[in-house]
Visitor: 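Just dropping this structure here.
Numbers restart at 1 for each chain; the letters A, B, ... are given by sequence-line order, proteins then strands. Any value given below was found using the heavy atoms of this structure, including those in side chains, with hydrogens, waters and symmetry copies removed.
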Amino acid sequence: MAGLIQNTALIGDDIPRLSGLREKGREAFRLPTAKTEAWRYTRLHALKADDFVVAPSKFLAELAGGEENGECACCRGQDCADDRSECSCGCGSREHENGCRCQGHHHRRESLPFAAYELHFDNGKFVPVYPVLPPGAEVMTLMEAVITGEERHLLNKYAELAKYPFAALNTACLEEGLFVRIGRNVCLDRPLAIINHAVDTGVNLMANIRNLIVVEEGAKAELVEYFAYEGNPKARYFNNIVNEIYLGAKAEFNHYKFQNESYKAVHIALNLVRQKKGSVYGGFCLQKGADLGRNETRVQLTEEEAKAEVNAVYLMNGWATLDTTTDIEHLAAETYSSQLIKGVVGGEAKGVFQGKIHIAPGARKTEGRQLHKALLLIDTAEVDAKPELEIFADDVKCSHGAASGDLDKEQLFYLCSRGIGEEEARQLLIDGYLAEVLARADNAAVREWLSANIRETK
Amino acid sequence: MSTALLEIEDLHARVAGKEIIKGLNLTINEGEVHAVMGPNGAGKSTLSYVLSGKPGYEVTGGTIKFRGRDLLSMPPEDRAREGLFLIMQYPVEIPGVPVTGFLKHAVNAGRKYRGEPELDTMEFIKMLREEGRKLGIDAEMLKRAVNVGFSGGEKKRLETLQMTILKPQLAILDEADSGLDIDALKVVAEGVNRLRDDRRSLLVITHYQRLLNYIVPDVVHVFAEGHIVRSGGKNLALELEETGYAEFVKEK
């Protein structure tokens, strides 16, 4: 575990901006201990059980002139000198005399059941195939954004590395990730999708992905983040994700996430959202996979009439630990937040919810609501919930609630007394229980996809 | 010659360790309507729950045969699939589960059990809307979550609708008139009467005679102190309305 920060050669260490950030990350990184309050309920055993290695950079492999693993450097979305015609798979690359050899990555990928601007990562490495975005919207690698200065020093600006140990780790290993910019008043006609594939390689890979997303004034966009694995359901790997999201005045951004990692994976994600006047953030996270999973969302409502919803569903079995942590900071008057989190916990699994609403001095006429509920399907399942309110202003409306329990026996009997078998009845009740949260996912196609994945017990 | 649909022999049952039903005997033949009347606390509702298999209602003695089969060995869902239906006194609210989806599951579970093909969604919705209309249940109500925010009358209409589409051999009405105004009562009674034929039977559990003006019984039983203390024709209900249950409670 001590080896999480390794002497892996990262590209761009000669760029002061990058090397400076990495140094900051290295300095700030301290693994949480049993005494670290923010990690008290979420133990890191799953992370400590093995060492994780960072996959060698594709760029470095490329620079070294290697066609590693039989993959071809020409299939990186760039035109190749000896091209013939466009590859029939639509990957955007050119075929060679002996045919396209890109089948190594994107041919076998499951695609989403709705139209999206798809971006893919394989084991934490970006597959450089870009969708054609409408004018005013752009996507590039984070590396490119740093080198060209497009990131305008927004990267890591509000990350508070001392407070977020895994963001520090992510910063120390800064290399992979995307920069997305949705320009002023641009409205994306379909969601962006960042699809993270894990393919078992036999070694425990660690991936640090950093995405910087800027939605400018009056722009509207949706993002779907999807974490999936292929092959071995017991593959061990560690995805450490940080998303920095900036919403300009009156911007609207829906952020859907489906975490469906392998049973033995570790998934730790931090979403840092900063909002200006009248902007709207809609977060919806479904966590279903991983041995240890944490989705943490910090929202800073910095100007009036900014509004955020953070909704989540977690489903678990076995021995998993899934953590949903939120921290909503109302830093200006007349800001609004609403959180609805529901979990279904079976086996000997453990759900963790830590939800904080902070209302800063002067944030008058602010409204913050939070509700966490968990269904414990069996006695051995466990949920730890820690709601916190910090209110330093008058004239605010604030509420929080937490409840946990088994399925309602009267409801179960009612369904069975109509001829519905017990298993089916339980599933109907679980679906019904989650329907309230799912209804908060605005995009109907995405909602249907998430619903279908909730019903499917994989 | 009439065939017995339900045969209860020397039934004893308890709830939370307390014996409520003490030696009940009752036989209902195909096509018959039986009313069980009695004072509050006599165990009338317990009987309906024992028949439908509600957890927590423990049978300590006796037998129940339904269509010749041992009812007590079946889980609640199989009792329903075999053709037993309970109109509940206080139907439970189920947030998030829409009426239509719930009823489709219920109908198809029964069809599957009987080896019949499942209904497709269009067919089912058409049938449901048509039956709903007869009971004053509109399409909007069918989209709502089961019983959530329903008035007392709406809940009973939904119970009646469920009965109509599940077409049970034996429907048990547990205080079906409680909380109903006279118009709602008529709608429910009409729904129940439409189901009556020479094969299907009804067990009407009620405190008051009122409901029996609309659902006319063949046999009336007085249930007190955990068993049937007297049986008679439909006029017995009118008699009870005059005299009350006091003499039966004392009889002990």
Visitor: For the candidates A:L434, A:L412, A:L415, which exhibits the highest count of non-hydrogen atom pairs separated by less than 4.5 Å from chain B?
Guide: A:L415
Visitor: If you tally heavy-atom pairs under 4.5 Å against chain A, which of B:A106, B:A109, B:G53 wins?
Guide: B:A106
Visitor: Between B:G110, B:P95, B:G101, who has the most heavy-atom pairs with chain A when the cutoff is under 4.5 Å?
Guide: B:P95
Visitor: Record all donor-acceptor atom pairs with a distance under 3.5 Å between chain A and chain B; write none if the list is empty.
Guide:
unit_1, atom_1, unit_2, atom_2, d
A:E410, OE1, B:K54, NZ, 2.9
A:E410, OE2, B:K54, NZ, 3.1
A:Q411, NE2, B:E93, O, 2.9
A:Y414, OH, B:E159, OE2, 2.3
A:Y414, OH, B:Q162, NE2, 2.9
A:R418, NE, B:Q162, OE1, 2.7
A:R418, NH1, B:L86, O, 2.8
A:R418, NH2, B:L86, O, 3.0
A:R418, NH2, B:E159, OE1, 2.6
A:R418, NH2, B:E159, OE2, 3.4
A:G419, O, B:R81, NE, 2.8
A:G419, O, B:R81, NH2, 3.1
A:E424, OE2, B:H105, ND1, 2.5

Visitor: Would you say the rings of A:W449 and A:F258 are close, in the sense that their centroids are separated by under 6.0 Å?
Guide: yes
Visitor: Among all residues two or more places apart in sequence or in another chain, which pass the salt bridge (charged side-chain N to carboxylate O under 4.0 Å, His left out) test with A:D384?
Guide: A:K350
Visitor: Holding to salt bridge (charged side-chain N to carboxylate O under 4.0 Å, His left out), I want the full list of residues that pass it with A:D291, two or more places apart in sequence or in another chain.
Guide: none
Visitor: Non-hydrogen atoms of chain A under 4.5 Å away: do they reach the side chain of B:I94, the backbone, both or neither?
Guide: both
Visitor: Near A:K220 NZ, under 6.0 Å, is it more than 12 heavy atoms from other residues, nucleotides or ligands?
Guide: no
Visitor: Heavy-atom distances under 4.5 Å only: say whether B:P168 touches chain A with side chain, backbone, both or neither.
Guide: neither
Visitor: Any donor and acceptor pair, going by atom type alone, linking the side chain of A:Q259 with main-chain N or O of A:L286 inside 3.5 Å?
Guide: no
Visitor: For B:F85, which residues count as a ring pair (Phe, Tyr, Trp, His ring centres under 6.0 Å) partner, sequence neighbours excluded?
Guide: none
Visitor: From the options A:V437, A:L340, A:T324, select the one residue that forms a side chain to side chain contact (heavy atoms under 4.5 Å, CB included) with A:V313.
Guide: A:V437
Visitor: Cut-off 3.5 Å, side chains only: do A:Q339 and A:T326 have a donor facing an acceptor?
Guide: yes
Visitor: Go through the atoms of B:V146 and report whether side chain, backbone, both or neither lie under 4.5 Å from a heavy atom of chain A.
Guide: side chain
